[in-house]
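As the structure is a computational prediction, the values presented were derived from the model and not from experiment. Labels below follow one simple rule: chain letters A, B, ... track the order of the sequence lines, proteins then strands, and each chain is numbered from 1.
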Amino acid sequence: MSFLPVKEQLTVIKRGTTEIVPEEELIEKIKKSRTENRPLKIKLGVDPTRPDLHLGHSVILRKLRQFQDLGHEAILIIGGFTATIGDPSGQNKARPPLSAEEVQKNAETYVNQAWKILDKSKTTIVNNNDWLGPIKFMDVIRLASNLTVARMIERDDFSKRYQNNEPISLHEFLYPLAQGQDSVHLKSDVELGGTDQKFNLLVGRDLQKANGQKPQVCLMMPLLVGTDGTMKMSKSYDNYIGIDEPANEMYGKSLSIPDEQIYPYFELVTDLPVEDLPALKKKAQQDPRNTKHELAFTITRMYHGDQAAKDARKHFEKTVIQKDIPDDAPILEFKEGTEHRLMDIISDAGLTSSNGETKRMMKQGGVSVDDKKIKDPNFSITFAAGDQLNLKVGKRNFAILKAG
RNA sequence: GGGGGGAUACCAAAGUGGCCAACUGGGGCAGACUGUAAAUCUGUUGUCGUAAGACUUCGCAGGUUCGAAUCCUGCUCCCCCCA
């Protein structure tokens, strides 16, 4: 195994990175790794609280992947122990702790999805319950002596909650200790995290120093902005693009990000080579429309392959731009000569969630049959032999009605 | 241990006996517009019903009343302050 020169490694490592603390130590570590021909231990901890991964998670996983590709050792920690505490970082509420079974189940789905990004053969997976679980209460108290109350409450997330009369449980103070202990246990060289993880990552350095280890370098990645363009991507804000989503969804959702996010997305979530980035930055400003399609294509390609991405593009052009019925619209068959109320057809097919919604949709002009808007809730169709009608409900729900 | 405040729809938040299926904002959905599933504007937003209307919903369980989200009793949960 031979490692790339320091400068080249740094170029990859610094792609999209917000902050490296401290950068000089990282350079030293890389140099040493080259002379000793020994990979660095790169640590990433994940709490499988929500098992479904989205592009926001992919930012940090991709960074870990980049380290892998540079020849370093990727260690993915499943926070079996820490998930039962709940990371307070960036939260305005205590996270609900998970049971051991939930963690186990979530961890499996998490890891399975993570293989879409990481190199499975080169990843070490560990569960921090293995070493945090057996720790004695006295050990916890000793660990806790490394932090002060003042340092805790000066944290933004805590002080805000405190000021807003929102509860902070004592156990939330202990979370960073648990995470930091992971670093001590693994003797990690670098720990990755989002910018909201800075505090936790730095605690790892403190604890390592207290244990006579060389402290880890902390590398922070920005939080990916969601499709709404303002808040960080998160399932609970419903502004996410899941890496498990169907290609069509992925393509369409990618296009819905605001123009200013085009470049950050290229930098943070795509696998396009670093050298291509400057050109893309320019293009994103000059020709946002096509560049965004290129982005949507790239993202879809990464998770579904080339052909699926091409199909998704066609699908988008057909349904959204030309407002045409897609090829894969479900077909609903009806017996010849029978009469059905359109409202019942729509509700029964599950295209809406209630009759009330169907009616509302019709009144608002959201329902059309063969491009003709149907506003009358009593509208009925009698099916004659060979009939085939295109039904559209709302922006994105289609069905083909067939007599047969 | 003592004192105070609170629980309303997806979220936030008004409502303190009938005009409340419940103001308002956010979100969602739809329409118009658009390179876009963005932005903006407009409308809409419990369930069933073509409709009239009926039914369920304001922490939980009872009660008062012709009538309760609103009053009474008990219970559960939460927050703050003082010690």
Side-chain angles (χ1 to χ4, degrees), chain A residues 55 91-94 96 153 158-170 172 225-242 245-265 283-297 299-300 312-326 339-348 350-368 371-381 391-398:
Chain A
L55 291 185
Q91 296 291 303
N92 49 18
K93 267 183 198 144
I153 57 177
F158 281 151
S159 65
K160 267 190 196 140
R161 280 164 64 182
Y162 195 67
Q163 275 165 15
N164 293 333
N165 285 351
E166 277 150 13
I168 300 168
S169 294
L170 199 51
E172 296 183 70
V225 172
T227 52
D228 62 328
T230 39
M231 291 184 290
K232 71 163 183 178
M233 184 174 284
S234 155
K235 212 174 173 187
S236 42
Y237 300 145
D238 198 27
N239 62 356
Y240 69 99
I241 303 173
E245 290 197 68
N248 289 343
E249 288 288 307
M250 208 176 237
Y251 195 96
K253 281 190 179 185
S254 302
L255 275 185
S256 75
I257 64 165
D259 290 357
E260 315 82 68
Q261 289 301 322
I262 297 175
Y263 176 70
Y265 269 58
K283 253 178 106 180
Q285 284 177 338
Q286 290 165 348
D287 183 9
R289 182 193 173 278
N290 287 318
T291 316
K292 203 188 278 184
H293 273 278
E294 198 176 328
L295 173 69
F297 182 89
I299 292 172
T300 312
R313 173 158 198 162
K314 268 187 218 143
H315 177 270
F316 184 87
E317 281 168 355
K318 195 165 191 192
T319 57
V320 180
I321 299 178
Q322 295 164 26
K323 298 187 199 294
D324 207 353
I325 189 161
E339 183 176 6
H340 297 267
R341 257 189 348 160
L342 182 59
M343 195 168 91
D344 297 331
I345 294 175
I346 294 170
S347 300
D348 293 349
L351 295 170
T352 58
S353 53
S354 70
N355 266 343
E357 193 186 335
T358 308
K359 234 180 301 167
R360 207 183 302 132
M361 207 79 101
M362 294 179 94
K363 272 189 203 154
Q364 296 189 124
V367 172
S368 60
D371 287 333
K372 262 182 36 201
K373 282 187 185 172
I374 307 293
K375 295 200 176 185
D376 173 17
N378 274 319
F379 183 84
S380 302
I381 301 171
L391 171 66
K392 186 181 180 200
V393 180
K395 282 187 169 70
R396 305 160 63 183
N397 291 309
F398 299 88

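Between the side chains of A/S256 and A/T227, no donor N or O sits under 3.5 Å from an acceptor N or O.
Remark: side-chain polar atoms of A/T352 are not paired, donor with acceptor, to backbone N or O of A/E357 under 3.5 angstrom. For A/S380 (side chain) and A/N378 (main-chain N/O), a donor-acceptor pair under 3.5 Å exists by modelled atom type. With hydrogens and angles ignored, the 3.5 Å screen pairs a side-chain donor or acceptor of A/E245 with a backbone N or O of A/G242. Within the 3.5 Å criterion, the main-chain N or O of A/S169 finds a donor-acceptor partner in the side chain of A/E172. Under a 3.5 Å cut-off, the side chain of A/K292 and the backbone N or O of A/I257 do form a donor-acceptor pair. Of the possible polar contacts, none joining the A/Y263 side chain to the A/Q285 backbone as a donor-acceptor pair under 3.5 Å is found.
Following rounding to the nearest Å, A/F398 (CZ) and B/A30 (P) show an atom-to-atom distance of 11 Å. One can place CG of A/N397 at 8 Å from P of B/A30, the figure rounded to the nearest angstrom. For the pair A/D376 CG and B/U50 P, the interatomic distance rounds to 11 Å; values are reported in whole Å. The CG-C1' distance, from A/N239 to B/G27, rounds to 12 Å in whole Å. The CD atom of A/E357 sits 14 Å away from the C1' atom of B/C10 (whole-angstrom rounding). We find that CE of A/M231 is positioned 13 Å from C1' of B/G28, with the value rounded to whole Å.
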Taking only Watson-Crick and G-U wobble pairs with both distances under 3.5 Å, what dot-bracket line describes RNA chain B, where [ ] shows pairs that cross earlier ones and | shows pairs with another strand?
-> ((((((((.[[[..)..(.....]]]((((((.......))))))(((....)))...[[[[[..)....]]]]]))))))).
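Rounded to the nearest Å, the gap between the P atom of B/C60 and that of B/C10 is 13 Å. Comparing B/G15 with B/U70, their P atoms are spaced 15 Å from each other, to the whole Å. Distance check on atom P: B/U47 versus B/A22 gives 13 Å, rounded to whole Å. For B/G28 and B/C66, the C1' atoms lie 40 Å apart once the distance is rounded to whole Å. When the P atom is used for both B/C29 and B/A39, the distance is 11 Å, rounded to whole Å. Comparing the same atom, C1', in B/U64 and in B/A51 gives a spacing of 37 Å after rounding to whole Å. B/U8 sits 16 Å from B/C23 when the P atoms are compared, rounded to a whole Å. Atom C1' of B/A37 sits at a distance of 42 Å from the matching atom of B/C19, rounded to the whole Å.
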Please list, pair by pair, any protein nitrogen or oxygen found under 3.5 Å from a nitrogen or oxygen in nucleotides 79-83 of chain B.
| unit_1 | atom_1 | unit_2 | atom_2 | d |
| --- | --- | --- | --- | --- |
| B/C79 | O3' | A/N165 | O | 3.4 |
| B/C79 | O2' | A/N165 | O | 3.1 |

With 3.5 Å as the limit, what N/O pairs link the protein to nucleotides 43-45 of chain B?
| unit_1 | atom_1 | unit_2 | atom_2 | d |
| --- | --- | --- | --- | --- |
| B/G43 | N2 | A/Q364 | OE1 | 2.8 |
| B/G43 | N2 | A/Q364 | NE2 | 3.3 |
| B/G43 | N3 | A/Q364 | OE1 | 3.0 |
| B/U44 | O4' | A/Q364 | OE1 | 3.1 |

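Two residues, A/V393 and A/K363, neighbour RNA chain B, and the one matched to the more 5' nucleotide by heavy-atom proximity is A/V393.
Relative orientation of the A/Y251 and A/F316 rings is tilted, given thresholds of 30° and 60° on the angle between their planes.
Remark: A/F379 CZ to A/K372 NZ distance equals 7.0 Å, nearest 0.5 Å.
No more than 12 heavy-atom neighbours from other residues, nucleotides or ligands sit within 6.0 angstrom of CG on A/D371.
By the salt bridge (charged side-chain N to carboxylate O under 4.0 Å, His left out) test, A/K392 is found to be paired with no residue, residues two or more places apart in sequence or in another chain being considered. Residues forming a side-chain hydrogen bond (donor to acceptor under 3.5 Å, both in side chains) with A/N290 (at least two apart in sequence, or on another chain): A/D287.
You'll find that the side chain of A/S354 is closest to B/C48, out of B/U50, B/A32, B/C48.
Both tests do not hold together for A/K232 against A/Y240: distance to the six-membered ring centre under 6.0 Å, angle to the ring axis within 45°.
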Once each nucleotide of nucleotides 35-42 of chain B is scored for protein heavy atoms under 4.0 Å, what B/S/- sequence comes out, 5' to 3'?
-> BBBS----
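We find that A/E249 and A/R396 are joined by a salt bridge, their nearest charged nitrogen and carboxylate oxygen being less than 4.0 Å apart.
Using a 4.5 Å heavy-atom cutoff, the side chains of A/L391 and A/L351 are in contact.
In terms of phosphate contacts, A/K359 brings no side-chain nitrogen or oxygen within less than 4.0 Å of OP1 or OP2 of B/G46.
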